[in-house]
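As structure tokens, the structure follows; a few thoughts come after it.
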Amino acid sequence: GTVLSSPSILPQTPANSACLEISDEECEALNLLFIQTQGISWTNNSGWFSAPKPCAWYGITCRTIDNTTHIERIDLSWNHLQGSIPMEIGKLSGLRLLDLSENQLEDSLPVSLGNLSQLQFLDLSNNQLGGKIPAEIGNLSQLKVLNLSENKLAGQLPDTLGNLTMLESLHLFENGFNGDLPLTLPA
């Protein structure tokens with residue numbers, strides 16, 4: 001028999017893995033999260049790009065509405081993530097919980113976090129994140145918990161924090177902020 005081979009078939013690596021169940025856009029966001037945070041070295045990366053269904057990967061929870069499946073929760077806390085949070089994280093339109101706390105994440109918070117309109121819980125505490133809190137964080141109108149404590153964030157807190165009218169818990173301690181708290185913060 002003849003063996004057919006094609007030079008265009010590449011080995012399965014995170015850079016070109018396909019995901020089932022979710023959109024290509026959400027798959028790309030998970031790909032880049034894995035690559036930019038050294039996923040190969042995570043404490044637990046079970047299923048990540050070794051199984052085609054992201055909803056079964058460690059730290060991922062999905063939700064299906066009207067036959068459309070979205071990533072609903074990412075909890076990779078205490079999992080030895082190193083590097084930066086990719087801008088593409090903002091493409092996870094159904095995300096309600098993002099917990100990347102207790103890792104070694106660096107660089108600044110991507111402004112695209114402001115695109116996560118369904119987000120209710122954001123915990124990026126105890127990392128090495130720097131720069132300012134982007135004003136776009138004020139777009140997260142559903143946010144109930146925001147924990148950015150124990151990082152290297154600095155500068156003035158954005159007035160847009162006052163847009164977070166659903167906020168029940170705000171933790172910003174152990175950073176390098178200066179100036180006053182925005183007068184617009186909900187009581």
Side-chain angles (χ1 to χ4, degrees), residues 10-65 68-77 79-125 127-143 145-148 151-153 158 160 164:
L10 299 172
Q12 285 294 102
T13 63
N16 63 2
S17 289
C19 308
L20 302 178
E21 306 174 310
I22 62 172
S23 71
D24 290 348
E25 215 172 44
E26 290 195 11
C27 184
E28 178 192 14
L30 294 180
N31 263 322
L32 290 167
L33 179 64
F34 186 85
I35 291 166
Q36 289 187 23
T37 62
Q38 312 299 317
I40 205 78
S41 302
W42 292 353
T43 304
N44 188 342
N45 59 13
S46 175
W48 282 75
F49 301 105
S50 61
K53 295 186 176 182
C55 300
W57 298 350
Y58 175 78
I60 300 291
T61 306
C62 295
R63 181 174 184 214
T64 303
I65 300 172
T68 304
T69 300
H70 291 284
I71 305 298
E72 181 180 48
R73 298 166 59 100
I74 298 177
D75 183 352
L76 295 171
S77 58
N79 204 37
H80 200 64
L81 278 69
Q82 302 174 67
S84 58
I85 302 168
M87 279 296 277
E88 289 76 8
I89 199 88
K91 294 180 178 179
L92 299 173
S93 60
L95 202 61
R96 291 183 179 204
L97 177 143
L98 179 60
D99 188 346
L100 303 178
S101 63
E102 307 289 342
N103 284 296
Q104 292 88 46
L105 295 171
E106 301 172 332
D107 295 330
S108 56
L109 298 172
V111 296
S112 64
L113 285 172
N115 298 341
L116 300 174
S117 60
Q118 302 299 309
L119 201 64
Q120 296 175 2
F121 183 98
L122 177 59
D123 190 347
L124 302 175
S125 64
N127 278 288
Q128 306 295 316
L129 296 164
K132 295 181 177 184
I133 295 177
E136 290 79 1
I137 211 92
N139 296 343
L140 304 178
S141 60
Q142 302 300 307
L143 201 63
V145 175
L146 176 59
N147 190 347
L148 301 175
N151 276 290
K152 295 179 177 180
L153 297 166
T160 56
L164 305 177

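Here the structure is a predicted model, which is why all the values come from computation and not from measurement.
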CG (D24) with more than 12 external heavy atoms under 6.0 Å: no

Shortest non-hydrogen separation from [X] to [Y] and the atoms involved:
X: P110; Y: M87; value: CB-SD, 3.5 Å
X: C55; Y: T69; value: SG-CG2, 3.8 Å
X: T37; Y: S84; value: CG2-O, 3.5 Å

With rounding to the nearest 0.5 angstrom, report the [atom1] to [atom2] distance, [X] to [Y].
X: I71; Y: I22; atom1: CD1; atom2: CD1; value: 4.0 Å
X: E25; Y: C19; atom1: CD; atom2: SG; value: 12.5 Å
X: N147; Y: S101; atom1: CG; atom2: OG; value: 7.5 Å

- prompt: Judged by modelled atom types alone, do H70 and E72 share a side-chain donor-acceptor pair under 3.5 Å?
  reply: no

message: What I want to find out is whether K91 reaches E28 closely enough, with some N-O distance under 4.0 Å, to be called a salt bridge.
response: yes

- line: Paired with L97, the side-chain contact (heavy atoms from CB on, under 4.5 Å) test is passed by just one of L119, D75, D123, L122, namely D75

- prompt: Mind checking whether W48 and W57 have parallel, tilted or perpendicular rings, split at 30° and 60°?
  reply: tilted

Test item: N127 side-chain N/O and L105 main-chain N/O as donor-acceptor pair under 3.5 Å: yes

message: In this structure, is the centre-to-centre distance between the rings of W42 and Y58 below 6.0 Å?
response: no

Non-hydrogen side-chain atoms of L124 and L113 separated by less than 4.5 Å: yes

field: Heavy-atom side-chain proximity of I89 to S112 below 4.5 angstrom
entry: yes

